Protein chains: 2
Amino acid sequence: MAEERRGAERAPLSRERVLHAAVALADASGASGAEAFSMRRLAQELGVVPMALYKHVANKEELLDGMVDMVVGEIARPTTSADWKSAVRQQILSARSVLLHHRWAARVIESRTGPTPAVLAYLDSVIGTFRDGGLSADLTHHVMHALGSRLLGFSQELFDTGGAAPTPSPATAGAAAADLARAYPRVAEIAAAAAHDMDSAVGGGCDDQFEFEFALDLLLDGIERLHHRGWTSTSPST
Amino acid sequence: MAEERRGAERAPLSRERVLHAAVALADASGASGAEAFSMRRLAQELGVVPMALYKHVANKEELLDGMVDMVVGEIARPTTSADWKSAVRQQILSARSVLLHHRWAARVIESRTGPTPAVLAYLDSVIGTFRDGGLSADLTHHVMHALGSRLLGFSQELFDTGGAAPTPSPATAGAAAADLARAYPRVAEIAAAAAHDMDSAVGGGCDDQFEFEFALDLLLDGIERLHHRGWTSTSPST
DNA sequence: ACCTGAACACCGTTCAAGT
DNA sequence: ACCTGAACACCGTTCAAGT
């Protein structure tokens with residue numbers, strides 16, 4: 001059943017159409033889009049035999065590269081010509097908003113072994129913002145490493161709080177929280193501190209956007225201080 | 001061929017032995033240990049039918065959880081009772097050295113949907129260091145989010161520089177570098193800046209340990225400043 | 001020359017049959 | 001009761017056969 005989906009997709013296959021359908025399929029699978037995605041499922045979605053895809057992409061890896069480039073290409077270029085710090089901040093926040101619309105993308109980008117053209121173009125642009133703002137090539141280089149995947153909007157959290165949290169029953173949650181508090185008292189204390197201004201219970205009750213901006217500003221403020229101090233990689237870091 | 005490996009592995013199966021063999025198999029597969037690892041390959045390595053594993057682990061997910069706990073359990077507990085900043089620094093650097101010995105581990109940890117017991121115990125210990133150092137529960141909470149996966153030694157780089165870089169021939173590398181410099185001039189400039197004190201060409205020529213410590217110190221210094229300033233999440237961040 | 005069905009070499013896991 | 005072989009429902013990709 002459901003062999004033929006949308007009739008509009010009966011147009012002749014092309015690399016464009018394959019890539020668009022691939023992104024749409026991954027988007028539709030939500031947070032587990034990276035795992036749920038397969039060549040065979042994509043072919044089925046396009047109403048096509050699996051082998052037909054190989055006329056337009058060399059293999060799955062190349063298709064994933066193409067999907068990454070589509071997503072990274074969505075990131076808005078900076079409009080304001082503000083100081084480097086707000087420009088980079090705004091750039092990274094819009095990268096984050098793109099990643100939030102394609103929840104599979106971070107995992108797929110991480111699986112690539114090297115940068116794709118769109119990623120290189122994006123990094124080139126961010127580097128340009130730092131350099132035009134007066135940062136030395138030396139400092140900019142280390143700063144790009146320090147920001148790392150956060151440049152593309154990665155939260156870099158240890159576990160995905162915004163994901164498919166099972167949301168257990170209040171009774172179960174209470175018992176689990178009590179067990180957790182006994183075994184990991186420091187974790188429990190921190191979780192309680194987080195729950196102060198949030199309504200949710202232990203765990204998923206954090207404001208992802210606040211945590212992202214907190215970490216980003218911590219880094220940008222630090223970078224600004226190094227820049228004003230005339231830091232170089234040969235000078236003592238403290 | 002090579003049906004029976006090491007004779008010592010003929011001992012009766014146990015959860016312990018399964019987990020140890022799983023870690024050893026992933027280690028042996030190098031950087032691609034996460035992808036190369038499979039239940040069937042592990043069973044073969046143990047000289048056992050695949051189904052035999054399911055007597056000791058519920059499924060592959062639970063086995064991966066167990067592998068993560070083994071690796072995280074290897075992280076050395078802090079010995080010195082120094083100030084919180086050097087204690088956390090030392091703790092994170094030893095987490096990093098463990099991750100460098102198990103190149104598959106970061107990818108597997110990221111694939112887990114929630115923290116395992118050993119990870120919780122580790123986080124509990126780091127939180128304790130911050131709290132004993134005088135940081136508020138509020139600040140500690142946000143700081144733990146900001147450090148994120150770096151707490152476990154993740155480099156958080158966009159692409160793995162230490163991995164299987166193809167190391168192209170000098171001629172190819174030169175041509176590629178010229179093309180890259182034309183398309184992405186800012187990237188090329190930064191790469192050249194990095195190559196100053198390094199012998200390698202564009203790309204993999206960065207000192208991973210330096211970049212890791214640079215980013216870590218950027219964060220720890222920023223945290224220290226917020227702490228001394230009496231920062232709270234309700235106060236203005238700038 | 002182009003397209004595609006069957007096939008190959010995998011995978012995690014279920015389940016019934018054998019001991 | 002325990003163990004395990006065959007089987008199921010996948011996967012990416014090769015390749016030869018059909019048009």
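Letters A, B, ... are given to chains in the order of the sequence lines, protein chains preceding strands, and every chain is numbered from 1. On a predicted model such as this, the values are computed, not experimentally measured, just so you know.
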Legend entry - P atoms of dA7(D) and dC8(C), separation to the nearest Å: 16 Å
Inset, instruction - Find the distance between CG (Asp179(B)) and OH (Tyr184(B)) and round it off to the nearest 0.5 Å. - result: 10.0 Å
Inset, instruction - May I ask you to list the residues of residues 55-62 of chain A, by number, that have any heavy atom positioned under 4.0 Å from an atom of DNA chain C? - result: Lys55(A)
Inset, instruction - Apply side-chain contact (heavy atoms from CB on, under 4.5 Å) to Ser32(A) and list each qualifying residue two or more places apart in sequence or on a separate chain. - result: Glu35(A)
Inset, instruction - Let me have DNA chain D in dot-bracket notation, would you? Count Watson-Crick plus G-U wobble pairs, both distances under 3.5 Å, and use [ ] for pairs crossing earlier ones and | for inter-strand partners. - result: ||.|||||...|||||.||
Legend entry - Pairing residues for His142(B) by the side-chain hydrogen bond (donor to acceptor under 3.5 Å, both in side chains) criterion, not counting sequence neighbours: Glu211(A), Asp138(B)
Inset, instruction - Can you sort out the partners of His101(A) under side-chain contact (heavy atoms from CB on, under 4.5 Å), two or more places apart, ordered by chain and number? - result: none
Legend entry - Listed once per pair and sorted, the side chain to side chain donor-acceptor pair (under 3.5 Å) pairs that draw on residues 64-74 of chain A, sequence neighbours left out: Asp65(A)-Arg112(A), Asp69(A)-Thr116(A), Glu74(A)-His102(A)
Inset, instruction - Could I get the full list of side-chain contact (heavy atoms from CB on, under 4.5 Å) partners for Ser97(B), not counting sequence neighbours? - result: none
Inset, instruction - Check side-chain contact (heavy atoms from CB on, under 4.5 Å) between Ser38(A) and all other residues, then give those that pass, not counting sequence neighbours. - result: Arg40(A), Arg41(A)
Legend entry - Set of side-chain hydrogen bond (donor to acceptor under 3.5 Å, both in side chains) partners for Ser149(B), sequence neighbours left out: Gln156(B)
Legend entry - Outermost nucleotides of DNA chain C that come under 4.0 Å of a non-hydrogen atom of chain B: dC11(C) to dT14(C)
Inset, instruction - Using the closest heavy atom to pick a nucleotide of DNA chain D for each, name whichever of Tyr54(A) or Met51(B) lands nearer the 5' end. - result: Met51(B)
Legend entry - Residues which pass ring-ring contact (aromatic ring centres under 6.0 Å, His included) with Phe154(B), listed by chain and number, not counting sequence neighbours: none
Legend entry - Non-neighbouring partners of Phe212(B) that pass ring-ring contact (aromatic ring centres under 6.0 Å, His included), sequence neighbours left out: none
Legend entry - Which residue lies more 5' along DNA chain D, comparing Ser38(A) with Val49(B) via nearest heavy atoms: Val49(B)
